[in-house]
Amino acid sequence: MRLGLALGYWGRGPSPGHVPLAQEAERLGYDSVWTAESWGSDAFTPLTWIAAHTSRIRLGTAVAQMAARSPATTAMHALTLDHLSGGRMMLGLGLSGPQVVEGWYGRPFPASPLTATREYVDVVRQVLRREAPVELAGRFHSHPYRGPDATGLGKPLKPITHPLRPDLPILLGAEGPKNVAQTARIADGWLPLYWSPTRPEVYGPALADLPEGFLVAPMARARVCDDVTEGLLPVKAMLGFYIGGMGHAARNFHADLMARMGYEAEARRIQELFLCGRREEAVLAVPDAFADEISLVGPRERIAQRLELWRKGPVTDLLVLSPDPHTLRVLAELNS
């Protein structure tokens with residue numbers, strides 16, 4: 001199992017520690033570093049900055065949101081950064097949810113998310129392979145565009161720039177069983193949002209027969225500390241925000257996933273508190289047990305024992321979310 005460093009997205013501004021942290025991860029032998037985006041900083045620009053200050057570590061987006069860019073634009077970002085970094089780029093994509101897609105990007109959330117994802121990946125792969133001009137008569141993505149307001153002048157095009165790697169890895173963030181099953185068919189890897197090494201059945205039978213070389217790269221908050229309860233507070237804060245605020249009360253994929261993992265009543269209570277403006281109570285309502293099983297928190301000996309559970313399953317890459325160099329160093333030592 002390889003280790004990756006997950007940096008997430010910016011809050012109010014850029015973190016001055018991200019580049020030094022990525023450099024330390026590279027020095028410790030981490031295989032990859034990952035950036036994200038929500039409705040603030042984008043995923044590709046920070047990753048390019050990190051690429052310029054590192055030499056070996058692979059670079060991934062976890063995740064770049066599909067609604068933010070057309071698939072051809074996303075492919076341009078990926079092939080450009082792959083060239084600039086000497087072939088270190090991995091493209092992680094996510095569909096996001098209706099609240100963000102329609103509220104922030106001003107686009108309709110697709111009526112068929114599976115079809116929209118499949119078409120998006122198809123276009124990206126066509127661009128990267130550069131075998132022929134890009135053409136797709138899709139339900140959500142049409143190349144050339146042939147909608148009712150089209151001029152009729154569009155023509156199929158190949159990228160001017162020759163991609164460095166036609167097989168640049170594409171990973172998908174997927175939560176529902178059908179989405180995970182499709183990911184195993186059309187992508188090179190999967191980016192689970194919450195992964196419990198004791199509950200792989202939550203994602204259905206898709207994990208039973210994964211293609212050879214398929215990447216399973218969950219993100220986990222980690223912290224080496226003496227007090228487990230105190231160490232879980234950042235995990236609970238993240239969960240409170242995602243479960244309570246990252247979606248509508250009637251349609252929240254993160255809350256639905258928590259429910260499938262055995263915490264349905266707790267998930268609905270967190271939503272209720274968060275949407276009523278009682279955010280601190282929502283965080284406290286996150287069960288310690290749930291926060292604990294999807295993270296690596298506690299003394300070194302406890303983390304060493306729990307790390308064995310992660311190694312026994314299908315996980316190929318553990319993406320560590322931690323701003324603490326000491327924690328990164330301990331995990332590197334335990335995983336060596």
Side-chain angles (χ1 to χ4, degrees), residues 2 4 6 31-37 42-44 47-48 51 57-96 110 112-132 134-136 138 140-141 143 158-159 161-176 178-193 195 203 206-207 209-219 314-319:
R2 295 176 292 261
D31 179 75
S32 56
V33 58
W34 302 76
T35 56
E37 60 190 12
D42 77 282
F44 289 99
L47 202 60
T48 304
I57 197 166
R58 293 198 293 170
L59 312 155
T61 54
V63 294
Q65 296 183 332
M66 296 184 213
R69 308 162 189 86
S70 73
T73 306
T74 295
M76 289 167 63
H77 278 297
L79 73 85
T80 302
L81 184 46
D82 203 41
H83 269 292
L84 292 175
S85 66
R88 291 190 278 155
M89 176 66 194
M90 294 181 287
L91 180 61
L93 299 171
L95 196 59
S96 193
S112 177
L114 291 174
T115 302
T117 299
R118 189 166 58 250
E119 292 177 3
Y120 199 103
V121 172
D122 187 345
V123 173
V124 172
R125 289 209 188 276
Q126 286 191 53
V127 174
L128 294 175
R129 288 170 179 161
R130 203 180 178 272
E131 295 171 345
V134 177
E135 290 194 80
L136 180 67
F140 300 98
H141 299 286
H143 293 259
K158 287 170 37 173
T161 304
H162 291 233
L164 182 65
R165 293 182 298 160
D167 57 350
L168 186 153
I170 298 175
L171 299 88
L172 296 176
E175 294 181 38
K178 290 182 180 179
N179 205 343
V180 174
Q182 174 173 271
T183 297
R185 293 194 302 271
I186 69 172
D188 303 299
W190 173 42
L191 295 160
L193 180 61
W195 174 263
Y203 294 101
L207 302 182
D209 189 25
L210 294 173
E212 184 177 354
F214 188 83
L215 305 178
V216 177
M219 190 180 301
V315 173
T316 61
D317 298 78
L318 174 59
L319 310 187

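For the numbers below, each heavy atom of this structure counts, side chains included, while hydrogens, waters and symmetry mates do not.
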| message | Using side chain to side chain contact (heavy atoms under 4.5 Å, CB included), reason through Val33 and Arg58 one step at a time and then give a plain yes or no. | response | CA-CA 6 Å; Val33 58; Arg58 293 198 293 170; over 6 Å; no
| task | Could you tell me which residues satisfy side chain to side chain contact (heavy atoms under 4.5 Å, CB included) with Ser96, sequence neighbours excluded, listed by chain and number? | result |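 Per chain and number, Ser96 pairs via side chain to side chain contact (heavy atoms under 4.5 Å, CB included) with Gln65, Val100, Val101.
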| query | Using the ring of each side chain (for Trp, its six-membered ring), is Tyr203 parallel, tilted or perpendicular to Trp190, with breaks at 30° and 60°? | reply |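 Ring orientation of Tyr203 relative to Trp190: perpendicular.
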| Ring geometry between Tyr120 and His141 (parallel below 30°, tilted from 30 to 60°, perpendicular above 60°) |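 Rings of His141 and Tyr120: perpendicular, as their planes differ by over 60°.
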From [X] [atom1] over to [Y] [atom2], what is the distance, rounded to the nearest 0.5 angstrom?
X: Asp317; Y: Ser32; atom1: CG; atom2: OG; answer: 5.5 Å
X: Arg185; Y: Arg118; atom1: CZ; atom2: CZ; answer: 7.5 Å
X: Phe44; Y: Thr74; atom1: CZ; atom2: OG1; answer: 5.5 Å
X: Met89; Y: Ile170; atom1: CE; atom2: CD1; answer: 10.0 Å
X: Thr35; Y: Leu47; atom1: OG1; atom2: CG; answer: 4.0 Å
X: Leu318; Y: Asp31; atom1: CG; atom2: CG; answer: 12.0 Å

Donor-acceptor check, side chain of [X] to backbone of [Y], threshold 3.5 angstrom: yes or no?
X: Thr316; Y: Val216; result: yes
X: Arg130; Y: Pro159; result: yes
X: Glu37; Y: Asp42; result: no
X: Ser85; Y: Leu81; result: yes

| task | Taking salt bridge (Lys or Arg N to Asp or Glu O under 4.0 Å) as the test, write out the residues that go with Arg165, two or more places apart. | result |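 Listed in chain order: Asp82.
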| Residue pair Thr117, Glu119: steps toward the side chain to side chain contact (heavy atoms under 4.5 Å, CB included) verdict | CA-CA 5 Å; Thr117 299; Glu119 292 177 3; over 6 Å; no
| Would you call Asp188 and Arg125 a salt bridge, using N to O less than 4.0 angstrom? |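 Judged by the 4.0 Å cut-off on N to carboxylate O distance, Asp188 and Arg125 do form a salt bridge.
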| Any ion pair linking Lys158 and Glu135 (charged N to carboxylate O, less than 4.0 Å)? |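 Answer for the salt bridge query: no.
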| message | Please evaluate residues Phe140 and Met66 with respect to the criterion side chain to side chain contact (heavy atoms under 4.5 Å, CB included), reporting the C-alpha separation (whole Å), side-chain torsions for both, the decisive distance (0.1 Å), and the verdict. | response | CA-CA 12 Å; Phe140 300 98; Met66 296 184 213; over 6 Å; no
| From CA spacing to verdict: side chain to side chain contact (heavy atoms under 4.5 Å, CB included), Glu175, Leu193 | CA-CA 7 Å; Glu175 294 181 38; Leu193 180 61; 3.8 Å; yes
| message | Tell me whether Asp209 at atom CG has more than 12 heavy atoms from other residues, nucleotides or ligands lying less than 6.0 Å away. | response |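 Counting neighbours around CG of Asp209, 12 or fewer heavy atoms of other residues, nucleotides or ligands fall under 6.0 Å, so no.
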Would you say the side chain of [Y] lies within less than 4.5 Å of the side chain of [X], judging by non-hydrogen atoms?
X: Lys178; Y: Leu114; value: yes
X: Val180; Y: Leu207; value: yes
X: Val63; Y: Leu191; value: yes

| said: For Asp122 and Gln126, which I'm curious about, is there any donor-acceptor pair between the side chains at under 3.5 Å? | reply: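 The answer is yes; a qualifying pair exists.
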| field | Leu84, Thr161, Val124 screened by side-chain contact (heavy atoms from CB on, under 4.5 Å) with Leu79, the one that passes | value |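 Checked Leu84, Thr161, Val124 against Leu79; only one passes side-chain contact (heavy atoms from CB on, under 4.5 Å): Thr161.
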